[in-house]
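Below, chains carry the letters A, B, ... as their sequence lines are ordered, and counting in each starts from 1. Here the structure is a predicted model, which means the values were calculated and not measured. Values below: all heavy atoms of this structure, side chains included; hydrogens, waters and symmetry mates excluded.
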Amino acid sequence: MLVIDSVSKSLGEFSLSNVSLSVEDGEYFIVLGPTGAGKTILLETIAGIYTPDAGRILLNGRDITDVPARERRIGMVYQDYMLFPHLTVEANIGFGLKSRADPAFIRGKVEESADLLNIGHLLQRYPGTLSGGEQQRAAIARALVMEPEALLLDEPLSALDVKTRENLRAELARIHEATGTTIVHITHNFEEVFDLADRVAIMRGGDVIQVGTPEEIFRRPNSDFVAGFVGVENLFCGTGSGDGTVAVGDLRIRAENAIPGPVSVAIRPEEILLSKTPLPENGKNVVIGRVDSVRPNGGLVRVSVDAGVQFRVTLTRQGFEETGVAPGDAVHLAFRSSAAHVYPPGEEEEA
Amino acid sequence: MLVIDSVSKSLGEFSLSNVSLSVEDGEYFIVLGPTGAGKTILLETIAGIYTPDAGRILLNGRDITDVPARERRIGMVYQDYMLFPHLTVEANIGFGLKSRADPAFIRGKVEESADLLNIGHLLQRYPGTLSGGEQQRAAIARALVMEPEALLLDEPLSALDVKTRENLRAELARIHEATGTTIVHITHNFEEVFDLADRVAIMRGGDVIQVGTPEEIFRRPNSDFVAGFVGVENLFCGTGSGDGTVAVGDLRIRAENAIPGPVSVAIRPEEILLSKTPLPENGKNVVIGRVDSVRPNGGLVRVSVDAGVQFRVTLTRQGFEETGVAPGDAVHLAFRSSAAHVYPPGEEEEA
Amino acid sequence: NSSYFRMATVAVALLIAAFIVMVLVGVVTHSPPAVLIECFLSEEIQFAIRLSIITSVISTLLCILVAVPVAYALARYTFPGKTVMNMLMDIPMALPPLVAGVGLLLFFGVSPVGKSLAAAGLAFVFTPLGIIMAQFFVNLPYMLRVTRSTFQGVNPRYEYVAKTLGCTDAQAFWRVTLPMSWNGLLAGSVITWSKGIGEFGAGLMLAGATRMKTETLPLSLFLNMSTGKLEYAIAAATILIMISVVSL
Amino acid sequence: NSSYFRMATVAVALLIAAFIVMVLVGVVTHSPPAVLIECFLSEEIQFAIRLSIITSVISTLLCILVAVPVAYALARYTFPGKTVMNMLMDIPMALPPLVAGVGLLLFFGVSPVGKSLAAAGLAFVFTPLGIIMAQFFVNLPYMLRVTRSTFQGVNPRYEYVAKTLGCTDAQAFWRVTLPMSWNGLLAGSVITWSKGIGEFGAGLMLAGATRMKTETLPLSLFLNMSTGKLEYAIAAATILIMISVVSL
């Protein structure tokens, strides 16, 4: 288990302020946040490149706060691969083993690791001659060959094109399954979360804002920042009452969680049903409104509905065409109470 | 009308090869393509920064191929704004008028243009003190104050954050409507197309691959490249017969257009209905298959169905939950014949 | 432990810094202040200061005047001879000023061009004019380098925009690129000026070392060292060190 | 028309290039080839060539030896005195070598440190050893600049990765940063060497101009110009020009 305990670190414009996280053995843990949130600094502090200004780091029970990077048994893979350009792929992968053992042993380990990443045929090439995806595979192999107790990935897919990114994403899932290594992966791309993460932490400005499973983060954000980051387009200010409903303007919305007093309500635009005909209630929230605008956007259609407050509904084209709705039409909206998540208003509320 | 007639230009790694386009008066024309497709070179050649190696450029009937940039009456706005940092916003906007007229006239024109872009209150500031969105507004005002016959926008939204990008996108639509200026806007971002473009050209490697309305490009790509670029995930190789159907493996698909012989079939993943129960045919193509995998991805769910060939279906979460489908289930797929678009196989077929 | 390496490299750095400081401070503190001030006020050192300032300011202005168009051409255009030109700019990193001075001496003293210039009243050999020419010739490539990289640092798209707004090439340069380059040009000019003040080898060859005639500060230092008037040499050296430090 | 501006700037560029080439070619073609070859083979020029090569190679090696750790410390670490150190590296852009020579002369000739070194057999004043010291002192800051910017050009994350793979700081430097810096170090060494060959002012002050003793090529050029043996001076100048051109 990797425990980051109240770690602070200031490095000029980037910093960590009192960050605490714990990552389980074998977990695939993703840290998500915009540029400048302190994600890379967090990884580099875990890896031992920086010593924290305050706080402790524990790896499998051992306090490694003051252990130098080379003795931590933590692997690091950067977005830009950082393969040593003057060495072949083989020498890159074997780099960390060089001082340890006999050539035959190294050769065996390197080949094993290269095979795991499907780059066995590239061992004699130099990094400059490889594609981005191949370089990233080599960088991962170089880290894995050391059999690290934790593997840190710094936006490993960001520098790759769409196709390669998808392949390597699947590859990462496979490798995680095959090796069982604890992985901490940082990214600003929400897409990676659903395919890979067991749990996610959302960071912002050096702070961890929320931690949870992808589903939790996605459906139950704890702040406007997280809600905006995961694409919840319907954010309403309201007043919670004791009976589990929230008053938003003239509407009363049944939400999955109840907080009395001023609250924010978040409803995902994909979780709202839209119809010209009345919808069966079935315990759902039902709202009546008028279509303001219809914006086709790629394969999706974004519909804006005025129902006292402005609702945004996202449908597929196919789904939209079946509703037969046009701007100006009166429509019925329905969403489950579990689709309406309530959290205290204001920025940066802690979980 | 702006006519680019068989223009070629080579500039080291970027080039245009025999590009022909014509943009109607007052049209909002978007040129879409990946990085390196030659989009910027095209704009700069239209603006008169480069002289074409071959071909002609006509603006409203005038051959401007050899007219210097300063006499073309074509405005240019770059992604990085290129505001002159040593001049105030006011001096930037008035830059092109300086040699022309008296100060009061300039002042009036500058204020008019600044008001149109809602930056009237920023005139005395220096560009370095403005946000990205404000700088881009100033850059657009600087071009518009010259009353150009055509306005060229080089990825005008790419350097902005998501929120500012949406605002400025709406602003561009408004300005286009208010001024009626012919606009050529290049981008690599498909999202901008639906909100802004009257017509779209797809470029790749210095060539124009397809020209059409956003709907046409989006639903009826003419090549694998365009299909991939606009996100058509179902691309099948098949054999067209004379009766308007295409044989794909064991399936016979009715398509909107008929080409005999070897063809590619493109079907958007959002245009396919998915159900556990049989679907009414109504002239639709109906296919039976088995669910391979279900991948939640943000607000959407991507379902992969094995029906002899692999179909990918995209649904909203809401839509997916209503189907009650799980991996391994037998399902029915249905899509209109108009959703199946056929084009000759192989890369880079011309329209 | 990892910090040994760090400590070792930092220690070498501090040692070298101390050595350089000691050498410079040794010069400045060699004479008693009273002697130093007396030398500063002597007719000879006053002459050297005046001559140094006049020649270096003129040669710097000449460098700017020539470097700006040449650097712009090198930064923006392609033309035959550009490669050679760029190479010529690297030579002075390696060409000793002494050799440049001999070259100038031959060019202005022996070649037909030089002779006709002298006949027309422009005598460079063994004259203060020669000092200016020597400083100009040796420093021009440095000024060119700085100016070229300053212009290269200005995105040409600023000029493109200026042209779509009605500017000619010259107007775009004058209204956009030049104002955006002030800082770089200023920094380059200060360095050029301070190198001009210290120029020795080329001036020695072309203008000679004549007391009270072509005696700039470095030549004064040289002449006074040769004739054993150490306190005068130290005075000249002290002024040169002060100029170097101030011009940073 | 827009091309007038272009033509004007390019014309100035070509004119200046022609002037520089004429000056250099004037030196090389001044003596008839036979005289030139005779001078090359004379005992004096042969001595100067040998002494120049030996001293410049040794001073370059010393520069590398010192510049590598110092530049690494400047590129990677923060330490007290770093700002001063970085400023000291800018001084030689402005400090005349002649002044550096006087400083070294005082340091090694007058100061207690210098006197005890001389007593221990390390005499720098008016000896070939002084030439090496002069070249080292004048060139070190240039070598430091090149080396520092080379190291700064290597992303420190390469070293971070090396450390997570088991390297100490020193091993990470030796196995990663140094091999990735070869090209920069090589280029810097060549410039340093060729500047060392041409060094005149500092050597003149510290090592003096003694024929056949401290007579490097630039000093030979100076001595022979002073005594009017123009063809020997030209020979030395020609060799120096060739070295500058070749070392580009």
J.: Looking at every non-hydrogen atom in both residues, tell me the closest pair between Phe5(C) and Ala170(D) and how far apart they are.
T.: CD1-CB, 3.5 Å
J.: First locate atom NE2 of His30(C), then atom CG of Leu105(D), and finally report the distance between them rounded to the nearest 0.5 Å.
T.: 9.0 Å
J.: Of the listed residues (Gly198(D), Gly103(D), Pro69(D)), which shares the most heavy-atom pairs with chain C below a 4.5 Å separation?
T.: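 Option with the greatest count: Pro69(D).
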J.: Using 0.5 Å steps for rounding, measure from the CD1 atom of Ile20(C) to the CG atom of Leu140(D).
T.: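 Ile20(C) CD1 to Leu140(D) CG: 6.0 Å, rounded to 0.5 Å.
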J.: Let me know if Ser247(C) has heavy atoms under 4.5 Å from chain D in its side chain, its backbone, both or neither.
T.: side chain
J.: Work out which heavy atom in Met85(C) is nearest to a heavy atom in Ala17(D); give both atom names and the distance.
T.: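 Distance-wise, the nearest heavy atoms are SD-CB, 3.3 Å.
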J.: Please state whether the side chain, the backbone, both or neither of Leu24(C) comes within less than 4.5 Å of a heavy atom of chain D.
T.: side chain
J.: Which heavy atom in Thr78(D) sits nearest to a heavy atom in Arg6(C), and how many Å separate them?
T.: O-NH2, 3.0 Å
J.: Could you tell me which portion of Pro80(D) (side chain, backbone, both or neither) has an atom closer than 4.5 angstrom to a non-hydrogen atom of chain C?
T.: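 Just its backbone gets close to chain C.
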J.: Determine the option with the most heavy-atom pairs under 4.5 angstrom with chain D, choosing from Val12(C), Val84(C), Leu221(C), Ile241(C).
T.: Leu221(C)
J.: Quick check on Val245(C) against chain D: is it the side chain, the backbone, both or neither that has a heavy atom closer than 4.5 Å?
T.: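 Val245(C) touches chain D through side-chain heavy atoms alone.
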J.: Going by the angle between their ring planes, with limits at 30° and 60°, are Phe19(D) and Phe107(C) parallel, tilted or perpendicular?
T.: perpendicular
J.: Taking every non-hydrogen pair under 4.5 Å, which of Phe137(C), Tyr72(C), Phe108(C) racks up the most with chain D?
T.: Phe137(C)
J.: Using a 4.5 Å cut-off on heavy atoms from C-beta on, say whether the side chain of Leu204(D) contacts that of Phe222(C).
T.: yes
J.: In the structure I gave you, are the side-chain heavy atoms of Thr9(D) and Val70(C) within less than 4.5 Å of one another anywhere?
T.: no
J.: For chain C, find which of Val27(D), Leu144(D), Val110(D), Thr192(D) contributes the most heavy-atom pairs closer than 4.5 angstrom.
T.: Val27(D)
J.: Rounded to the nearest 0.5 Å, what separation is found between the CG atom of Leu95(D) and the NZ atom of Lys195(C)?
T.: 10.5 Å
J.: Out of Leu98(C), Leu15(C), Val25(C), Leu106(C), which one racks up the most heavy-atom pairs below 4.5 Å with chain D?
T.: Leu98(C)
J.: Which answer fits Ile234(C), side chain, backbone, both or neither, if we ask what part of it has an atom under 4.5 Å from a heavy atom of chain D?
T.: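 The side chain, not the backbone.
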J.: How long is the gap from CZ on Phe79(D) to CG on Leu14(C), to the nearest 0.5 Å?
T.: 5.5 Å
J.: Let me know if Leu74(D) has heavy atoms under 4.5 Å from chain C in its side chain, its backbone, both or neither.
T.: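 For Leu74(D), there is no contact with chain C at all, as no heavy atom is under 4.5 Å.
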